[in-house]
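Some notes on the structure that comes next.
First the proteins, then the strands, lettered A, B, ... as listed; each starts at 1.
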There are 2 protein chains.
Amino acid sequence: MESGRRRPVTIADIAAATGVAVSTVSRALSRPSRVSPATRERIQAAARSMDYVPHPPARALASGRTRTVALVVSDVTNPFYFGMIRGTQQQLKAAGYAHLLIDTEDSAEHEIEMLHTMRRSLDGAILGASRLPARALVALAGEIPLVTVNRNVRGVPSVVIDTPAGIAQAVEHLVSLGHRDIVYVSGPTQSWSNQARWQAMRGALERHGLGAQRVGPFPSGRGSGTAAADAVLNSGATACVAFNDLFALGMLTRLRERGVRVPADLSVVGCDDIFGADFSNPPLTTLTAPIEQAGRMAVSLLVAGLDHRAPQPQRRTVVLPTYLTVRESTGPLTD
Amino acid sequence: MESGRRRPVTIADIAAATGVAVSTVSRALSRPSRVSPATRERIQAAARSMDYVPHPPARALASGRTRTVALVVSDVTNPFYFGMIRGTQQQLKAAGYAHLLIDTEDSAEHEIEMLHTMRRSLDGAILGASRLPARALVALAGEIPLVTVNRNVRGVPSVVIDTPAGIAQAVEHLVSLGHRDIVYVSGPTQSWSNQARWQAMRGALERHGLGAQRVGPFPSGRGSGTAAADAVLNSGATACVAFNDLFALGMLTRLRERGVRVPADLSVVGCDDIFGADFSNPPLTTLTAPIEQAGRMAVSLLVAGLDHRAPQPQRRTVVLPTYLTVRESTGPLTD
DNA sequence: CCGGCGGTGACAACCGTTTGCCATGTGTTG
DNA sequence: CAACACATGGCAAACGGTTGTCACCGCCGG
């Protein structure tokens, strides 16, 4: 039982024990087809009985592959990322990769710097909502395999959640409830998603002959909800679409404080359908995004390109649909 | 500018460029005091200008240290862990460690297995609410430096959140509101926290001459709220303390479905104060736990024991206080 | 003027695996 | 039966650092 906690077992020990060369042990363990069934079995048995555990750093040094993928987020604090973390975690685990978590704290320099530094210990990275300028992104993609989420740059594979299409649905919904003054609550300007959502909103509103207003931009975080709610109220709008659920949730709190009834006085719709959107007060009407699935997809895209050295299709981009989930934060105009 | 993307720069290149030995370069870079200011400066300048980036696997192979710490959780999906992820992430980053995320999917075997397999690529691990039996935990701690959170086992450093003390507060609160039939909603039996909380509840209730009931156990997850709410209602209690906020939140939803008014018909208090507890309907009275801080503490404990080979104090255990945050899910008895 | 000492840097031996290349032995084919 | 292809396993060279040991240097005090 007790194998003596001294020096950990190496393939050399196994080689000695079975009377073959270390190279054979190595192959038996990592490329089993390369060795005859008989020896293979003998070696594997020995490995098992000696409680051999491979040494990842050594493996990485020799092979150049680390079996580790990083998920890079701009702020672990944001519940939006919880879904990503879940999705990537699941899929990475299934694919036999370790999951590294990197927080860039909303700084593009940090993002470049950290990825650059860690690139040798990573097989690839998934960029959740990168703040990077396109050229920097492409440059990075040259150093290390990348897949972006909600960030579409030519040449870098990505999965994007089609919130803009959902926004159109949201606008339909609000318009059909009688709203005419609908305002967009803008998030951080560098956010690709924010831009896309605002564009979509403008387009949808125009199609109804309505003008588009927006308030903001506001910094990420639920705290922004306060300022956002006040701004929306001052704008005189009867309905709003918020950049994301965090904003919307924050607004709900503030509106309640100010005695504004939702949806009687103001309808609000969020984006993403994060944890909490369904049990807030009132429950939030929002664009449900398949965030977890996005994470899984991103991993699939990444590892697909990792294993084969087969020339992978150039610009792999998958877009995931969203749909409007109507709950109780939107309702007919009742002035 | 363009240093030619060919072969990455190694310390050997730097050595060649500066005319010193590789060992000197190595020391100049990782143990600067070991080399004279003059050469040190020269080497560092060269490294900088050649855009040298150390190769972590090589470093790890040679030194045995990986500068990586894993956070092990039983289920990434649980919002309770979001706080831990945040806390550990912050502190690890500050200490210059990489953050690996491991999900054991609620399985003790998985937990042991994964940790055992990855131990060589980790400098240590933080166990968030481990499901492991004490002896297994101690055994693992022999293989790799460990710090547990909310799991107190002799010989393994840990940080525990003193929810039990908080439970006493919660009971005071409910009793003073006039409640006499208070039930505990039990979580998974293997959960250390669950046991501790139930014990605390029993104790507190007895001190008031009240008997303690409990319903459950229920499996982790918000979904359990439905069954839990029904069970509590059937028990005839007028107030309940739930194992955690996830349960409590789930119950709130169910109670609302059933037309039960909270707190008029039933008071509910949760544990942990996770994201969402403050904006649920009604906002949840709960035991606010410093989860993020716990994560940070755990990291501090861990890395403290890592750097020095100084004999660290044997049983380091820090306990963090909780306090009751009264919101709107608790109120006077109104039968 | 000499012995010793602290500080600096070089040498070389690892760390544990992977992998290209080659030697051997076996079975297949003409 | 000879020649050849192929499957199998061994050898040894990386991979990119870290670190123990030692030689050398100039400096100091005696």
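The side chain of B/Ala62 has C/dC15 as its nearest neighbour among D/dG9, C/dG9, C/dC15. Listed nucleotides D/dG10, C/dA10, D/dG17 differ in distance to A/Arg27; the shortest reach to its side chain belongs to D/dG10. Listed nucleotides D/dT8, C/dA10, D/dG16 differ in distance to B/Ala58; the shortest reach to its side chain belongs to D/dG16. Closest to the side chain of A/Leu61, from the set D/dT18, D/dT21, D/dG16, is D/dG16. If you check D/dG17, C/dA10, C/dT18 against the side chain of B/Ala21, the one that comes closest is C/dA10. Checking D/dG16, D/dT19, C/dT18 against the side-chain heavy atoms of B/His55 singles out D/dG16 as nearest.
Between B/Ser63 and C/dC15 there is no side-chain polar atom (N or O) within less than 4.0 angstrom of OP1 or OP2. Residue B/Ser36 places none of its side-chain N or O atoms closer than 4.0 Å to OP1 or OP2 of C/dT8. The side chain of A/Thr39 contributes no N or O atom lying less than 4.0 Å from OP1 or OP2 of D/dT8.
No donor-acceptor contact under 3.5 angstrom links the side chains of A/Ser26 and A/Ser23, judged on distance only. Neither side chain, B/Ser74 nor B/Glu105, offers a donor N or O lying under 3.5 Å from an acceptor on the other.
Per the geometry, CZ belonging to A/Arg59 stands 21 Å off P belonging to D/dG17, to the nearest Å. In this structure, the CZ atom of A/Arg67 is 16 Å from the P atom of C/dT17, given to the nearest Å. Regarding A/Arg65, its CZ atom lies at a distance of 19 Å from the P atom of D/dA14, rounded to whole Å. Rounded to whole Å, atom P of D/dT18 lies 11 Å from atom CD1 of B/Ile14. Counting to the nearest Å, the C1' atom of C/dG16 and the CZ atom of B/Arg119 are 14 Å from each other.
Map A/Pro54 and B/Val20 each onto its nearest nucleotide of DNA chain C; the residue landing nearer the 5' end is B/Val20. Along DNA chain D, the nucleotide nearest to A/Val35 and the one nearest to B/Val22 differ in position, and the one closer to the 5' end is contacted by A/Val35.
Among the atoms of the strands shown, base atoms are found under 4.0 Å from some heavy atom of B/Ser23. Within 4.0 Å (heavy atoms only), A/Pro57 reaches no atom of the nucleic acid at all. Within 4.0 Å of B/Ser26, counting heavy atoms only, lies at least one base atom of the nucleic acid. Looking at heavy-atom distances under 4.0 Å, A/Arg31 makes contact with sugar-phosphate atoms alone, never a base. Within the 4.0 angstrom heavy-atom criterion, no nucleotide atom of any strand lies near A/Arg40.
A/Thr117 places a side-chain N or O within donor-acceptor distance of the main-chain N or O of A/Glu113, the cut-off being under 3.5 Å. Remark: the backbone N or O of B/Arg67 is paired with a side-chain donor or acceptor of B/Asp123 at under 3.5 angstrom.
Taking the side chain as every heavy atom from C-beta outward, A/Leu29 and A/Val25 approach each other to under 4.5 Å.
At a cut-off of 3.5 angstrom, counting only N and O atoms as typed in the model, there is no donor on one side facing an acceptor on the other between the side-chain of A/Arg120 and the base of D/dG17. Side-chain atoms of A/Arg34 come within donor-acceptor range of the base of D/dG9, with a qualifying N/O pair under 3.5 Å.
In summary, A/Arg131 and A/Asp106 engage in a salt bridge, as defined by a charged side-chain N under 4.0 Å from a carboxylate O.
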